[in-house]
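When a ligand or atom number is given, it counts from 1 through the structure's own listing order.
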Amino acid sequence: MLPQNMFIFELAGSKFPLSLKVEGLTKFFGEVVALDGMTFSVPSGSFTAVLGPSGCGKTTLLRCIAGVETPDSGRIMLGNSVVFSSKDSVNIQPERRNVGMVYQSYALWPHMTVYDNVAFPLKVRKESADNTDSMVTSVLERLGIEGLAGRYPSELSGGQQQRVALARALVYRPPVLLLDEPLSGLDESMRRNVAKDLKSLQESLRLDTIYVTHNREEALWLGDEIIVMNRGKLIASGQTDSLIRNPPNAYTASFLGGMILFKGTLISRNQRYVLVQTEIGKLMCRSVDGFSPGANVLIGINEKNILIQSSDSAENKVTVTIESMIGIQPDGSYEYNVVAGGKRFSAVSKSGDLPNGATATLSLSASDCVAIPNA
Ligand SMILES: Nc1ncnc2c1ncn2[C@@H]1O[C@H](COP(=O)(O)OP(=O)(O)O)[C@@H](O)[C@H]1O
Ligand SMILES: [Mg+2]
């Protein structure tokens, strides 16, 4: 864990945050297309989480931005500088891009001490011995690991190795920090704390941070902005709260929003809500899009919001069959598998003794049901 009480480490010599632009980035490995025309931009000073399943191209994307992988086509801009352009045959060397990267496996050199690992990027950049010493000392102190300087990576815990990798990425004070699934090697109890520390580090250093993960929770904890990707393509991007509240497509609703989706046809709309005929009955739903009656839509509902109870105040009531109990939740409520409209999904009850095969009523508020385009 990083120290809670962080001071802003000396920023003299570091550059201001830059915006990052990626245009039409494509990378093949033989027949496999790892990146398929990725286009996005990251506002300067923001924490952007890139969320996608394993194998969707996240690491390849970061490696292309860092310059350790060469894309087949596209363009990458950092601030006003083009660091890669297939069209103009520009491919700036990694050490001249000023991008810090923390690799998923940390990639520390086992035969070097912590000090030498962290000093290495400065050696590559031909920094003087005096500067090297003060920069290494400052970053080790900043991350609370100055006491580990003489150790070898094999003598460190996972969390300590991660801080060393972070120190090595930050030592030359890059304005852009790329993090490849940095919490995946840590145990559950540390993940949340390290996430908080990363966030405060990013805020105090005003770094543009791109954080890739396959874990929805981490993306939601950390991302001011989220980019959802799948199979080398951008699926959605935007501010985290707006993507969660109004997912633009089914993939984002289920992968980021943890929603179950039902097919439906829009019946009518009033000023606040739309009424949709779905597989599980008529539902009153939120909608930002101007769907007209007759439109085919999907209704997304976060399973955490599906309650087994009959409440008069809820706009929507759905009849389901209890299939089985899944287990008890941290808040003491019980989660069940239920079936309606031929679909199985989970729902929560205060009661732990609902028998299998029984009929029950779900109450859903209209604000918890969102109409999504059915592309
Ligand atoms: N060096 C490589 N050689 C061949 N295939 C690769 C290489 N690196 C990645 N790939 C393939 O490219 C795709 C994307 O990989 P990667 O960027 O590592 O995904 P992620 O980080 O999202 O799990 C995968 O199908 C992977 O097998
Ligand atoms: Mg990866």
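Partners of Glu155 by salt bridge (Lys or Arg N to Asp or Glu O under 4.0 Å), not counting sequence neighbours: none found. The salt bridge (Lys or Arg N to Asp or Glu O under 4.0 Å) search around Arg97 returns none, not counting sequence neighbours.
Between Phe47 and Tyr211, the angle of the ring planes lies from 30° to 60°, which puts this pair in the tilted group. The aromatic rings of Phe255 and Tyr251 sit parallel to each other, their planes meeting at less than 30°, with 60° as the upper class boundary.
Every atom of ligand 1 is numbered from 1 in the order shown, and the set under 4.0 Å from a heavy atom of Thr60 is 15 (O), 16 (P), 17 (O). Listed by atom number, the atoms of ligand 1 under 4.0 Å from Val32 heavy atoms are 25 (O). The distance from ligand 1 to the heavy atoms of Ala34 drops below 4.0 Å at these ligand atoms: 12 (O), 13 (C), 14 (C).
Ordered by chain and number, Thr59 OG1 make up the set of protein N, O or S atoms under 2.8 Å of the Mg ion (ligand 2).
Protein heavy atom closest to atom 18 (O) of ligand 1, with residue, atom name and distance, is Thr59 CB, 3.7 Å. When only non-hydrogen protein atoms are considered, atom 10 (N) of ligand 1 lies nearest to Phe29 CD1, 3.3 Å. If you check which protein heavy atom lies closest to atom 19 (O) of ligand 1, you get Gly57 N, 3.2 Å.
Using a 4.0 Å threshold on non-hydrogen atoms, atom 6 (C) of ligand 1 counts as touching the protein.
Between the side chain of Arg286 and the main chain of Ser367, a donor-acceptor pair closer than 3.5 Å is present. Of the possible polar contacts, one joining the Thr137 side chain to the Asp133 backbone as a donor-acceptor pair under 3.5 Å is found. Counting only distance, with no hydrogens or angles, the side chain of Ser311 and the backbone of Ser313 share a donor-acceptor pair below 3.5 Å. A distance-only check finds no donor-acceptor pair linking the side chain of Arg231 to the backbone of Asp36 [under 3.5 Å].
Under the 6.0 Å distance and 45° angle rule, Arg168 counts as a cation-pi partner of Trp109.
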Check: residues 292-307 side-chain donor-acceptor pairs under 3.5 Å, at least two apart:
unit_1, atom_1, unit_2, atom_2, d
Asn302, OD1, Lys304, N, 2.8
Asn302, ND2, Gly257, O, 3.2
Glu303, OE2, Ser346, N, 2.8
Glu303, OE2, Ser346, OG, 3.2

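One option in Gly55, Cys64, Gly30, Gly232 has a heavy atom closer to atom 20 (P) of ligand 1 than any other, and that option is Gly55.
Note on ligand 1: Cys56 sits in its first shell, one or more heavy atoms being nearer than 4.0 Å.
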